Amino acid sequence: SKAEIIFKPLAGSYNAPFSLPKRLVLFQPDPNTGLNYLILDYLNNTGEYDAINNQYKFNVTRHVQNLFNDKIFRNTDNNLGFYLAIPSDSPLTPSRIALDTRKGIAGGFALKLYYTKL
């Protein structure tokens, strides 16, 4: 089993002097403070820009499995969503990303679930 979330930048939204970020970071909101909180898959994610496919891909397998387990075995909904951030690098470089998250359009973002039918 595997779960991925993929973000594709909005076409035409990235031009000089503001190119796309080299990488992004995926967090979840802390349930108490609402601030950035690490997801279970944090150490397995680089969020580097893939120029060939024009996307950023994150492995969220452990995070999604934990959400399913909490719901099925504890009847608890811990799905708090995600925060997507551009990390500060040294040296700082100007960058930006625009995402079109309207339903039914090409691009934006996608959640891909891979599983084996038993």
Side-chain angles (χ1 to χ4, degrees):
S1 298
K2 180 174 154 181
E4 297 173 332
I5 190 163
I6 299 167
F7 296 95
K8 293 192 173 212
L10 180 63
S13 66
Y14 43 95
N15 307 11
F18 299 109
S19 60
L20 289 171
K22 293 178 186 175
R23 65 186 182 96
L24 298 174
V25 182
L26 191 64
F27 296 104
Q28 65 181 344
D30 181 278
N32 300 313
T33 65
L35 299 175
N36 292 349
Y37 189 73
L38 300 179
I39 63 171
L40 291 173
D41 302 280
Y42 182 79
L43 294 177
N44 296 329
N45 284 312
T46 57
E48 291 185 23
Y49 178 61
D50 174 357
I52 294 170
N53 296 304
N54 190 34
Q55 67 185 18
Y56 299 84
K57 187 187 306 186
F58 294 90
N59 176 352
V60 291
T61 305
R62 292 179 64 205
H63 179 79
V64 170
Q65 185 65 57
N66 191 57
L67 291 176
F68 281 128
N69 289 345
D70 284 348
K71 186 63 178 169
I72 292 169
F73 300 117
R74 296 173 195 86
N75 198 27
T76 305
D77 183 1
N78 288 324
N79 185 7
L80 303 174
F82 289 116
Y83 287 152
L84 187 63
I86 300 172
S88 57
D89 289 328
S90 181
L92 292 174
T93 55
S95 63
R96 70 175 173 203
I97 183 169
L99 301 170
D100 190 340
T101 59
R102 292 176 293 174
K103 189 175 183 176
I105 64 155
F109 72 96
L111 175 65
K112 291 189 175 185
L113 301 174
Y114 302 87
Y115 62 93
T116 303
K117 188 174 180 180
L118 299 176

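Computed over heavy atoms, backbone and side chain alike; hydrogens, waters and symmetry mates excluded. Computed from a predicted model, the values in this text were never measured in an experiment.
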Problem - salt bridge (Lys or Arg N to Asp or Glu O under 4.0 Å) contacts in which one or both residues fall within residues 64-83, not counting sequence neighbours - result: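 Passing the test, one end in residues 64-83: D70-R74.
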Handout entry: Pairwise salt bridge (Lys or Arg N to Asp or Glu O under 4.0 Å) hits with a residue in residues 38-55, at least two apart
Key =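 For residues 38-55, and leaving out neighbouring residues, there are no salt bridge (Lys or Arg N to Asp or Glu O under 4.0 Å) pairs at all.
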Is [Y] reachable from [X] through a run of hydrophobic residues whose side-chain heavy atoms are each under 4.5 Å from the next?
X	Y	answer
I6	F82	no
L111	F7	yes
L84	I39	yes
F18	I97	no
F58	F68	yes

Problem - 4.5 Å side-chain heavy-atom contact, Y83 and P29 - result: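 A side-chain contact under 4.5 Å exists here.
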Problem - Sole residue of V60, N79, I72 in side chain to side chain contact (heavy atoms under 4.5 Å, CB included) with L67 - result: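 Going through V60, N79, I72 one by one, the side chain to side chain contact (heavy atoms under 4.5 Å, CB included) with L67 is satisfied by N79 alone.
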Sequence neighbours left out, cut at 3.5 Å: what donor-acceptor pairs do the side chains of residues 31-38 make with other protein atoms?
residue, atom, partner, partner atom, Å
T33, OG1, D30, OD1, 3.4
T33, OG1, L35, N, 3.2

Pairwise distance [atom1]([X]) to [atom2]([Y]) - rounded to 0.5 angstrom:
X	Y	atom1	atom2	answer
Y42	F27	OH	CZ	5.0 Å
L20	R96	CG	CZ	9.5 Å
K8	F109	NZ	CZ	13.5 Å

Practice task
List the steps and the verdict of side chain to side chain contact (heavy atoms under 4.5 Å, CB included) for Y56 and L26.
Solution key: CA-CA 10 Å; Y56 299 84; L26 191 64; over 6 Å; no
Exercise for the section: Verify the distance criterion only: is there a donor paired with an acceptor across the side chains of N78 and T76 at less than 3.5 Å? Expected result: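 No, because no side-chain N or O of N78 sits under 3.5 Å from a partner of the opposite role on T76.
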Exercise for the section: For residues 11-27, pull every pair meeting side chain to side chain donor-acceptor pair (under 3.5 Å), keeping only residues two or more places apart or in separate chains. Expected result: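 Passing the test, one end in residues 11-27: Y14-N54.
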Exercise for the section: Would you please test L10 and L99 for side chain to side chain contact (heavy atoms under 4.5 Å, CB included) and show each step? Expected result: CA-CA 5 Å; L10 180 63; L99 301 170; over 6 Å; no
Exercise for the section: Kindly say whether A3 contributes a backbone atom to a donor-acceptor pair with the side chain of T61 at under 3.5 angstrom? Expected result: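 Here the side-chain-to-backbone pair exists.
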Exercise for the section: Tell me, please, which residues at least two apart from E4 pass side-chain hydrogen bond (donor to acceptor under 3.5 Å, both in side chains). Expected result: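 For E4 the side-chain hydrogen bond (donor to acceptor under 3.5 Å, both in side chains) partners, ignoring immediate neighbours, are K2, Y114.
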Handout entry: All side-chain contact (heavy atoms from CB on, under 4.5 Å) counterparts of L40, not counting sequence neighbours
Key =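 Listed in chain order: R62, N66.
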